[in-house]
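First the proteins, then the strands, lettered A, B, ... as listed; each starts at 1. Excluded from the calculations below are hydrogen atoms, water molecules and symmetry mates; all remaining heavy atoms, backbone and side chain alike, are included.
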Number of protein chains: 2
Amino acid sequence: MVKTPETHSQSTENKILEAAKKVFILHGLEGTSMQQIASEAGINKSLLHYYFRTKEKLFDAVFTYAFHYIVPQMEGILSSDSGINDKIERIVTEYMDMLSENKFIPAFILHEINRNPDRLYNIMQKSGIKPEMFVNQFVNEIQQGNIRPIDPRQLIINILSMCIFPVAARPLIQRIFFGNNENAYRQFLEERKKVVSEFIIQSIKP
Amino acid sequence: MVKTPETHSQSTENKILEAAKKVFILHGLEGTSMQQIASEAGINKSLLHYYFRTKEKLFDAVFTYAFHYIVPQMEGILSSDSGINDKIERIVTEYMDMLSENKFIPAFILHEINRNPDRLYNIMQKSGIKPEMFVNQFVNEIQQGNIRPIDPRQLIINILSMCIFPVAARPLIQRIFFGNNENAYRQFLEERKKVVSEFIIQSIKP
DNA sequence: GTCTATATTGTGATAGAC
DNA sequence: GTCTATCACAATATAGAC
């Protein structure tokens, strides 16, 4: 994105990216101004255009970054040689931990993919996501009789749903069920890791 | 919102609201301009301010409307005297049908509650949502031994997650699993009503 | 590379004629 | 009630000095 010599400009480009992540993910593309990002980065507005020609291009960089958070890296775990129950538990635990640490990313991504699906098209071209990666692993488990027959896509979405939704809808759930108590909800999500694992495991028993 | 005589102005206020729903739910508060809404309604920009003083107030009306779509009306079903399995199936089916017909509302709400939780606070004050309504019904079922012991809040969120998420994340899932085929995804959601019901039922067996 | 200054367009909102 | 005209300001983006 920047020319080759770069005295200490790598640092500046990085400051911009970090600031842009922070602000874009909180307020979305349309809810964010270049001035906000510049202020957050402690630099001038014009510099943003110097490094990333347009607001749209800067946003693309942030979106790409955030996107990889909601497409989980299940493959390593699934292709290991543990039992299916252990695999489920590891996936759910690691995924929910990651989401909890980036709690604004789910709603951010969900909003932007509905607002502009074309951006999704472009980004998925580049990142070589192969749905078979996920699906085949579950097909194997079914063929070996480890889990009962089920559309693997439905199962995958069940898992993702129960991990992602409570983070994306946090402000609502936290208020309805926990009187807006931040810590109570954090603990609820902590317990939920076990709940979701058992829930999934129970539901796929042959 | 409008004075009492109103020649045929009721119709105008309604045209505005319908247009505002359409545009706000698609593009969000910040992604929508008053001009867009006026054009959609086929009227002048100033009229919007005449009926709803500010953009914020017009948005509040739309948000309130949309909000009632994602807080489901479980109570009638839960307090009926059917078996728990029938109740689950009815809730899931009716809720997913409603969401499918309003497929942009879930992501819209999820975005706006994260962007401005205070709005949620105000609206929930007015709409008398009592979490106990939902929770108590499940507590009853547990006490009668119809379902195994579980935190009712976790169970409720499991149900909501699996119904709402596949609608909110539709553009992403549709592209990954269905080559962006709209009809294929519609059918997938149709089958999913049965899948989710069975999934829940299986997981709560005592 | 980084800044200031500026161009240009679009925004929410109001005033006032009819 | 509905319109036109207009205000005050904020937005993205560029030009040009250093």
inquiry  = Counting only side-chain heavy atoms from C-beta out, which of D:dA13, C:dC3, C:dA13 sits nearest to A:Leu47?
reply    = C:dC3

query = Between A:Lys193 (side chain) and A:Asp97 (backbone), is there a donor-acceptor pair under 3.5 Å?
reply = no

task = Using a 4.5 Å cut-off on heavy atoms from C-beta on, say whether the side chain of B:Leu160 contacts that of B:Met74.
result = yes

inquiry  = I need the CD1-P distance between A:Ile16 and C:dG1, as an integer number of Å.
reply    = 11 Å

query = D:dG1 C1' sits how many Å from B:Asn14 CG, rounded?
reply = 16 Å

request  = Report the nucleotide, chosen from C:dT2, C:dG12, D:dA13, that has the shortest atom-to-atom distance to any side-chain atom of B:Met34.
outcome  = C:dG12

ask   = Where the side chain of A:Tyr50 is concerned, which of C:dA13, D:dA13, C:dT2 is the nearest nucleotide?
value = C:dT2

remark   = Residue pair A:Lys45/B:Ile43 against DNA chain D: nearer the 5' end by closest nucleotide is B:Ile43

note = Atom CD of A:Glu30 and atom C1' of C:dG10 are separated, to the nearest Å, by 13 Å

request  = Provide, to the nearest angstrom, the distance between the CG atom belonging to B:Leu48 and the C1' atom belonging to D:dG1.
outcome  = 13 Å

task = May I ask you to verify if any side-chain N or O of A:Thr12 is less than 4.0 angstrom from the OP1 or OP2 atom of C:dG1?
result = no

query = Is the centre of the B:Phe178 ring less than 6.0 Å from the centre of the B:Tyr185 ring?
reply = yes

note = Whole-Å distance, A:His49 NE2 to D:dT14 P, equals 7 Å

message = Could you tell me how far apart B:Gln35 (CD) and D:dT6 (C1') are, to the nearest whole angstrom?
response = 15 Å

remark   = Note: for A:Gln36 and B:Asn44 on DNA chain D, the residue whose nearest nucleotide lies more 5' is B:Asn44

N/O donor-acceptor pair under 3.5 Å between A:Thr93 side chain and A:Arg90 backbone = no

note = Whole-Å distance, B:Phe59 CZ to C:dG12 P, equals 13 Å

request  = Name the nucleic acid region contacted by A:Ser46, choosing base, sugar-phosphate or nothing; use a 4.0 angstrom heavy-atom cut-off, strictly under.
outcome  = base

key: Distance in angstrom units between B:Leu58 CG and C:dA13 C1', rounded   = 14 Å

inquiry  = Looking at B:Tyr51, I'd like to know whether one of its side-chain N or O atoms comes within less than 4.0 Å of OP1 or OP2 on D:dT2.
reply    = yes

key: Minimum-distance nucleotide to B:Lys55 side chain [options: C:dA13, D:dT14, C:dT2]   = C:dA13

query = Any donor-acceptor pair under 3.5 Å linking the side chain of B:Arg192 with the backbone of B:Cys163?
reply = no

